[in-house]
Amino acid sequence: MANRITLTQFIIEQQRELPGVSGTFTLLLNDIVTACKKISHLVNQGDLIGVLGSAESENVQGEVQKKMDIITNDIMINALNWTGHLAGMASEEVDDIIKIPDQYPKGKYLALFDPLDGSSNIDINLTVGTIFSILRCREGIDPTLEDFLQKGCDQVCAGFVLYGPSTMMILTTGHGVNGFTLDQDIGEFILTHPNMTIPDETSEFAINISNQRFWEAPVQQYIDECLQGKEGPRGKNFNMRWVASLVAEVYRILTRGGVFLYPLDMRDPSKPGKLRLMYEANPVGFIIEQAGGVCSTGRERILDIKPTDLHQRVPVILGSKSEVDRIVKYHRQG
Ligand code: AFP
């Protein structure tokens, strides 16, 4: 069919505009695409091939792993470790940084990923996804933890793949956000959602309200005002969604606006928020900002945080600018 731009064509054309950029980045992205197509196939096959259910093990975060958490993690590592495009990797499912085996050449990028975000949804056949973040690395070195602990604003590229009714890849290289749908017949991601932008205004919020008693005052105030609807200070009714899968929430916000909160809560003082900075907050923060939205902890811009740990957790408030600005203002006042 004419005028169908594939993801590879799109990236090569974008690279031509950037001085001094080699083709390595396109090749790296193709490696990720290959892994995500495999994951898409497995997610789609589900119980037919026995990949659902618990693995009865725990990851570094102390969370019970699904079989698919382990399978998708292996798929990502095995697709990326031999190609010579990466200097190292880090995964939400793995304690330490993942080294490139000695027999393979090393490249100039680092890849960080959550191989199966929202995996608690996999057994109930709801949307899950793969989130990834690409950082630069000094060429030819064996990277240390310090090489990975870069601020989100230094990401070269961030994206996620959504395994929903369609498989989609949402991508930014710092020049806006574009969405590609996997054409299963030809096995290619096709540009279907160019220049995605988030409407400034919204009347839809997403938060796990079962944690309400643990929230801080600014979040209590914001949600309370939304719930009062037309009769309250906001003077309009709000709708609520909660998918428990960050990729699905972010895709919805990219499509029709909205605000998502996984705020600081008092459940466990050792965990300042639930979401992981390096595998979730930074990549989606880059995408949200590139689409005209805002991503904050409530007190600071996510992309400005200097990471101190590979598996660091942060509060996340993201989405339509006017709403996130309002919540940040409540934090400043509180
Ligand atoms: P899982 O990958 O363990 O399912 O966690 C998903 C997630 O990190 C994020 O995608 C959701 O927004 C959030 O957790 C859901 O959290 P609740 O369990 O509190 O609903």
Side-chain angles (χ1 to χ4, degrees), residues 7-8 10-36 73 76-92 94 96-102 104-115 130-161 169-178 276-291 295 300-312 314:
L7 175 58
T8 308
F10 180 86
I11 294 298
I12 290 174
E13 281 172 8
Q14 231 185 23
Q15 280 205 349
R16 283 192 188 128
E17 309 287 314
L18 306 172
V21 172
S22 70
T24 314
F25 176 71
T26 308
L27 295 171
L28 168 58
L29 208 57
N30 269 328
D31 304 336
I32 294 173
V33 164
T34 303
C36 292
N73 188 54
M76 290 297 282
I77 293 172
N78 293 334
L80 299 175
N81 69 359
W82 59 274
T83 58
H85 306 139
L86 287 179
M89 289 175 268
S91 165
E92 191 192 289
V94 180
D96 295 319
I97 58 177
I98 304 163
K99 295 198 179 290
I100 301 298
D102 286 343
Y104 301 127
K106 290 186 187 61
K108 57 181 176 183
Y109 295 105
L110 303 171
L112 297 91
F113 46 84
D114 177 354
T130 300
I131 311 177
F132 58 91
S133 161
I134 307 294
L135 299 169
R136 274 202 187 79
C137 182
R138 289 169 291 142
E139 222 164 326
I141 63 151
D142 225 345
T144 62
L145 175 61
E146 198 46 47
D147 293 299
F148 281 83
L149 299 181
Q150 300 181 32
K151 290 183 181 177
C153 56
D154 293 329
Q155 291 171 101
V156 177
C157 163
F160 63 83
V161 175
M169 179 176 276
I170 309 301
L171 192 70
T172 186
T173 55
H175 303 274
V177 177
N178 292 282
R276 277 59 45 134
L277 175 63
M278 309 293 286
Y279 315 107
E280 294 175 310
N282 271 344
V284 302
F286 192 17
I287 291 168
I288 290 286
E289 283 198 4
Q290 284 295 315
C295 185
E300 67 180 313
R301 181 186 177 220
I302 292 280
L303 298 188
D304 282 341
I305 298 173
K306 170 73 179 113
T308 53
D309 183 83
L310 213 46
H311 297 284
Q312 182 173 348
V314 285

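Starting from 1, each residue takes its place in the sequence as its number. This structure is a prediction, so every number in the text was calculated from the model and none was measured.
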On a heavy-atom basis, which atom in [X] and which in [Y] lie closest, and how many Å separate them?
| X | Y | value |
| --- | --- | --- |
| Leu86 | Ile100 | O-CG1, 3.5 Å |
| Ser91 | Asn73 | OG-OD1, 2.6 Å |
| Ala35 | Ala79 | CB-CB, 3.7 Å |
| Leu80 | Ala111 | CD1-CB, 4.4 Å |
| Lys151 | Asp304 | CE-O, 3.5 Å |
| Leu145 | Ile97 | N-CD1, 3.9 Å |

Output all residues satisfying side chain to side chain contact (heavy atoms under 4.5 Å, CB included) with Thr24, sequence neighbours left out; order by chain, then residue number.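 Residues passing side chain to side chain contact (heavy atoms under 4.5 Å, CB included) with Thr24: Ser22, His85, Lys108, Tyr109.
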Quick one: side chain to side chain contact (heavy atoms under 4.5 Å, CB included) partners of Glu289, sequence neighbours excluded?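 Glu289 satisfies side chain to side chain contact (heavy atoms under 4.5 Å, CB included) with Arg301, Leu303 only.
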Taking atom types as modelled, find out whether Asn282 and Ser133 have a side-chain donor-acceptor pair closer than 3.5 angstrom.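 No.
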Quick check for you: to the nearest 0.5 Å, what is the distance between [X] atom [atom1] and [Y] atom [atom2]?
| X | Y | atom1 | atom2 | value |
| --- | --- | --- | --- | --- |
| Asp96 | Phe148 | CG | CZ | 10.5 Å |
| Asn178 | Met169 | CG | CE | 12.5 Å |
| Ile77 | Ile98 | CD1 | CD1 | 3.5 Å |
| Tyr279 | Thr130 | OH | OG1 | 14.5 Å |
| Ile131 | Glu280 | CD1 | CD | 5.0 Å |
| Cys157 | Phe132 | SG | CZ | 5.0 Å |

For a side chain to side chain contact (heavy atoms under 4.5 Å, CB included) with Ile12, tell me which candidate from Gln15, Arg16, Gln14 qualifies.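 Testing each of Gln15, Arg16, Gln14 against Ile12, the sole residue satisfying side chain to side chain contact (heavy atoms under 4.5 Å, CB included) is Arg16.
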Pair Ile305, Val314 - check side chain to side chain contact (heavy atoms under 4.5 Å, CB included), show working. CA-CA 10 Å; Ile305 298 173; Val314 285; 3.9 Å; yes
Keeping [X] on the side-chain end and [Y] on the backbone end, is there a donor-acceptor pair under 3.5 Å?
| X | Y | result |
| --- | --- | --- |
| Glu92 | Arg276 | no |
| His311 | Met278 | no |
| Gln290 | Ile287 | no |

Counting C-beta onward and ignoring hydrogens, is there a side-chain heavy-atom pair between Ile11 and Leu171 closer than 4.5 Å?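 Sidechains of Leu171 and Ile11: in contact.
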Check: Ile32 and Ile134 side chains under 4.5 Å, non-hydrogen atoms: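 In short, these two side chains touch, coming nearer than 4.5 Å.
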With sequence neighbours left out, which residue pairs that include part of residues 140-149 fulfil the salt bridge (charged side-chain N to carboxylate O under 4.0 Å, His left out) condition?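 Qualifying pairs, neighbours excluded: Arg138-Asp147, Glu146-Lys306.
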